[in-house]
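Written out below as structure tokens is the structure these notes cover.
Within every chain, numbering begins at 1; the chains are lettered A, B, ... in the order of the sequence lines, protein sequences first and strands thereafter.
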Protein chains: 2
Amino acid sequence: MSRPEPVSRRARPAKPPLSRGAILDAAVAVVQKEGAAKLTMRRLASELDTGPASLYVYVKNTTELNALLIDRHLGELDLTWGESEPWRDRLERVLDDYARLLASQPGLAAAALVTWPDGAHYLDLLELLMRLLRSAGVTGERAARGVDLLLQYATASAAEWAARAGGEQELSDLAEILDAADPHRHPELHAAGAALFTAGSPEERTRWATRAIVDGILASAPGGA
Amino acid sequence: MSRPEPVSRRARPAKPPLSRGAILDAAVAVVQKEGAAKLTMRRLASELDTGPASLYVYVKNTTELNALLIDRHLGELDLTWGESEPWRDRLERVLDDYARLLASQPGLAAAALVTWPDGAHYLDLLELLMRLLRSAGVTGERAARGVDLLLQYATASAAEWAARAGGEQELSDLAEILDAADPHRHPELHAAGAALFTAGSPEERTRWATRAIVDGILASAPGGA
DNA sequence: ACCTGAACACCGTTCAAGT
DNA sequence: ACCTGAACACCGTTCAAGT
């Protein structure tokens, strides 16, 4: 009884009760420690000192787990817009933030491509993009499709970066292939050379692509079709 | 000796010798029979009546296997252009063909997103796209980035379709989430409604997106940056 | 030299059985 | 009612050992 705060000092019990929240916390911890590739139901269960079966009481499957995790990280992003920042700058910034978020953990981007990270924070992201496009004069169906397209680009880019960082295939491999292009069968590629396809930093390339897509949305016929 | 063509009638021996070609043939057969999700090294080995280790003599890993398979299917596509067809129609057609090809087999699109399908046929595809963009007045670095962007879109779309067809998540789930958008926190989404995001057939949406991207490439500054 | 059986180190998901 | 041990049905990749 001499120590006044034994509870706060050793507050974590060996096995806190399971819950969606606790599972997500553990998932974040696993990803931080070992990377998203290691985030599996089994690894997650062992982090929580239980068997994998127990997780299925709270999470439907791996896809849902990833969707929950993405939404959680989305909550850490700034998804507001004060309108003092030009819409185009804000749009580029939020897409860059989103892509970085997904790319930071290899498995996330692939998951986002295939599943809707359906949560409150994802809706915040959609809402922000819709607002930004509206202020650019794009509304209705065209805006919805634009948002779709922009997010798809950000997600696919992130998946690419993550794969590249994972080291599967080097950019130099690609360069080699292009440099070997037969001048008769592939005159354009031969003339262009590999440098063209690998020029610029990823950030700079992304900025170019985002601008091109936004320009495309602005240029597309307002009536749809 | 009474039968004249015993060899041709039972030409296939129980175990044809392994080779890159034979492995790829077997891969095509497996995918045709059971879908690309079932195309695994182990399943492929069993199709060839051998152990999985044997495949590694000819194929570096699963990623390379998928890249080879994509290039093989690319060989079945028409990648020529007679210039009688308007460049924009031809461009939309080839992207649609490519996306359909990748979507036809769930695992392929995901693989293409992460790996360069480095083969002669993939170079044909790049060459065709470069030619089409050139005839639209886009050359050099801008063309290279445009090709990159167009292919990324086609690949990501295919990955999405394939996932949807795989049935992971219904469009109706998404509609439910959007319909439940809080009018105060998400006024744009609330006003837009789920219908906006799900309007139109996939084909029609793809056509819109392709056009928007092409418009964007045309609009983007020729000087780069 | 070439090939491969068997092993290593994992997966996601289910369900019968326990508390 | 809630939870989970154990099993089912798989993975990719490596390497020592065989021919």
- [ ] Identify the two heavy atoms, one from B/Trp208 and one from A/Leu149, that lie closest to each other, and give their separation to 0.1 Å.
- [x] CZ3-CD2, 4.1 Å
Open item on the list: Tell me every residue that passes side chain to side chain contact (heavy atoms under 4.5 Å, CB included) with A/Arg185, counting only those two or more places apart in sequence or in another chain.
Closed with: A/Asp182, B/Ala120, B/His121, B/Asp124
TODO: Give the stems involving DNA chain D, where a stem is 3 or more consecutive Watson-Crick or G-U wobble pairs (i with j, i+1 with j-1, and so on) under 3.5 Å.
DONE: C:4-8 with D:12-16, C:12-16 with D:4-8
Open item on the list: Please check: side-chain N/O of A/Arg131 versus main-chain N/O of A/Thr80, any donor-acceptor pairing under 3.5 Å?
Closed with: no
Task: B/Arg205 bridged to A/Asp148 by N-O distance under 4.0 Å - done: yes
Open item on the list: So B/Thr63 and B/Asn66, do their side chains get closer than 4.5 Å, heavy atoms only?
Closed with: no
Open item on the list: Salt bridge or not between A/Arg20 and A/Asp25? Use side-chain N to carboxylate O under 4.0 Å.
Closed with: no
Task: By side-chain hydrogen bond (donor to acceptor under 3.5 Å, both in side chains) - contacts of A/Tyr153 (at least two apart) - done: A/Ser157
Task: B/Arg145 bridged to B/Glu141 by N-O distance under 4.0 Å - done: yes
Atom pairs under 3.5 Å, N or O on each side, protein against nucleotides 6-12 of chain C: can you list them with distances?
residue : atom : partner : partner atom : Å
C/dC11  : OP1  : A/Thr40 : OG1          : 3.1
C/dG12  : OP1  : A/Met41 : N            : 3.3
C/dG12  : OP2  : A/Met41 : N            : 3.1
C/dG12  : OP2  : A/Arg42 : N            : 3.4
C/dG12  : N7   : A/Arg42 : NH1          : 2.7
C/dG12  : O6   : A/Arg42 : NH1          : 2.5

Task: side chain to side chain contact (heavy atoms under 4.5 Å, CB included) against B/Arg90, all qualifying residues, sequence neighbours excluded - done: B/Asp78, B/Trp81, B/Glu85, B/Arg93, B/Val94, B/Leu128, B/Leu132
- [ ] Please measure how far the C1' atom in D/dC8 lies from the corresponding atom in C/dC11, and state the result in whole Å.
- [x] 12 Å
Provide a list of protein-nucleic acid N or O atom pairs under 3.5 angstrom, restricted to nucleotides 1-3 of chain C.
residue : atom : partner : partner atom : Å
C/dC3   : OP1  : B/Tyr58 : OH           : 3.4

Task: Between D/dA9 and C/dC10 - P atom distance, rounded Å - done: 23 Å
TODO: Classify the ring geometry between B/Trp116 and B/Tyr122 as parallel (under 30°), tilted (30 to 60°) or perpendicular (over 60°).
DONE: perpendicular
